[in-house]
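First listed ligand is number 1; within each ligand, the first listed atom is number 1.
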Amino acid sequence: MSQECTHDCSTCSQKCGEQQSFLEATNDLSEVKNVIAVVSGKGGVGKSLVTSLMAVEMKRRGHKTAILDADITGPSIPKLFGIHESARGDDFGLYPAVTKTGIELMSLNLLTENETDPVVWRGPVIAGAVKQFWTDVIWSEVDYMFVDMPPGTGDVPLTVFQSLHVKGIIMVASPQEMVSMIVEKAVNMAKLMNIPILGLVENMSYFKCPDCGKTHEIFGKSRLTENAEKFVIETTARIPIDPALSSQCDSGVIELYEGDWMEDICKKLEGI
Ligand code: ADP
């Protein structure tokens, strides 16, 4: 900012102040084409699960995919893929772990001595770590990178939206959240950041009884369509409560999941 700054950008040719870009470059050896942030208003609604399903599904569809686990204080991505090794690094940067089907991933769990070590860091340090996952990690050619965001609208989401080249957002909510202000807050943050919401996912939307085949809306009537219309989100997905899913998460074999719930959102991403 120049010393003569009048704070009136409309009469100034300098690219500073409000026109300043906080975008960060990746490692010179990385190539990341599309970054998609997966967000939720609250924890425990299945955001990490949806992040993983999207990466697995897009990989199955022939795209090179990666996951950047930005949920620094509650990282769960490596566990879903059964990854327990530590990340390697050299003078060029840090190398992501690679899952059985070839999805690259980076998470703080790959950097702590023990997986159970808590991360007791202040906000700016946490945000700095997320930025380094973008700038220092050597991501090979990645078509779609999914960023598992921490819940809410704090420091890390702001850092991700400002520093990474995020093309779009996938929003995850449970049926209960669909009737609260939580979704609206996340939608408003996306608007503020000027990033389009490419999909709205209602997780734990229903349960299909394996005995009688009937569908039960355990957490109440679905409000997915109503919310999608209200917030003008064209593409949606409903994921059932599925005991097979949770056992695949627990045993680190999420890549084996069966289900076509994410198909419409995958097609939407292929069109961007
Ligand atoms: P978040 O990232 O929002 O905190 P997670 O994706 O870690 O939530 O999910 C929390 C837990 O709920 C996980 O153990 C997962 O196995 C389980 N879970 C999430 N969605 C479903 C579902 N649709 N069916 C069964 N279990 C689920």
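Contact record, Leu245 with Ile239: CD1-CG2, 4.0 Å, taken as the closest heavy-atom pair. Between Ala25 and Thr135 the shortest heavy-atom distance is O-CG2, 3.3 Å.
Counting only heavy atoms, the protein never gets under 4.0 Å from atom 11 (C) of ligand 1.
Contact of the Leu110 side chain with the Ile83 side chain is registered, since non-hydrogen atoms from C-beta on lie closer than 4.5 Å.
If you look at Val50 next to ligand 1, there are no close heavy atoms at all, none under 4.0 Å.
Where the criterion is an N or O separation shorter than 3.5 Å, residue side chain and backbone included, Lys47 meets it with respect to ligand 1. Remark: ligand 1 and Gly46 share an N or O pair separated by less than 3.5 Å (distance only, no angle test). No N or O atom of Ile241 sits closer than 3.5 Å to an N or O atom of ligand 1. The shortest N or O to N or O distance between Ser48 and ligand 1 is under 3.5 Å. The distance criterion of under 3.5 Å between nitrogen or oxygen atoms is not met by Asp148 with respect to ligand 1. Between Gly44 and ligand 1, at least one N/O pair is under 3.5 Å apart. The shortest N or O to N or O distance between Val45 and ligand 1 is under 3.5 Å. For a threshold of 3.5 Å applied to N or O pairs, the pair formed by Ser40 and ligand 1 contains no separation below that value.
Using a 4.0 Å cut-off between charged nitrogen and carboxylate oxygen, Lys267 and Glu263 count as a salt-bridge pair. The pair Asp143-Lys64 fails the salt-bridge criterion, with no side-chain N (NZ, NE, NH1 or NH2) lying under 4.0 Å from an Asp/Glu carboxylate O. Comment: Asp250 engages Lys79 in a salt bridge, judged by a side-chain N to carboxylate O separation of less than 4.0 angstrom.
Considering only non-hydrogen protein atoms, atom 25 (C) of ligand 1 sits nearest to Asp242 O, 3.2 Å. Protein heavy atom at the shortest distance from atom 6 (O) of ligand 1 is Leu49 N, 2.9 Å. Closest to atom 20 (N) of ligand 1 among all protein heavy atoms lies Asn203 ND2, 2.8 Å. Summary of contacts: the protein heavy atom closest to atom 14 (O) of ligand 1 is Asp250 OD1, 4.4 Å. The nearest protein atom to atom 26 (N) of ligand 1, hydrogens excluded, is given as Ser246 CB, 3.4 Å; this is a heavy-atom distance.
Of the options Ala173, Cys249, Gly43, the smallest heavy-atom separation from atom 15 (C) of ligand 1 is shown by Cys249. The heavy atom nearest to atom 18 (N) of ligand 1, out of those in Met204, Lys42, Glu202, is found in Met204.
Remark: the Ser140 side chain and the Glu104 side chain contain an N/O donor-acceptor pair separated by less than 3.5 Å. Side-chain atoms of Ser48 and Asp148 form a donor-acceptor pair, as typed in the model, at a separation below 3.5 Å.
Within the 4.0 Å heavy-atom shell around ligand 1 one finds Pro240.
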Criterion salt bridge (charged side-chain N to carboxylate O under 4.0 Å, His left out) on Lys42 and Glu177, from CA distance to verdict: CA-CA 8 Å; Lys42 263 193 351 180; Glu177 282 189 295; 5.3 Å; no

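In the hydrophobic cluster analysis, where Ile, Leu, Val, Met, Phe, Trp and Tyr join through side-chain heavy atoms closer than 4.5 angstrom, Met193 is grouped together with Val172.
We find the CG-CZ distance between Leu200 and Phe231 to be 8.5 Å, quoted to the nearest 0.5 Å.
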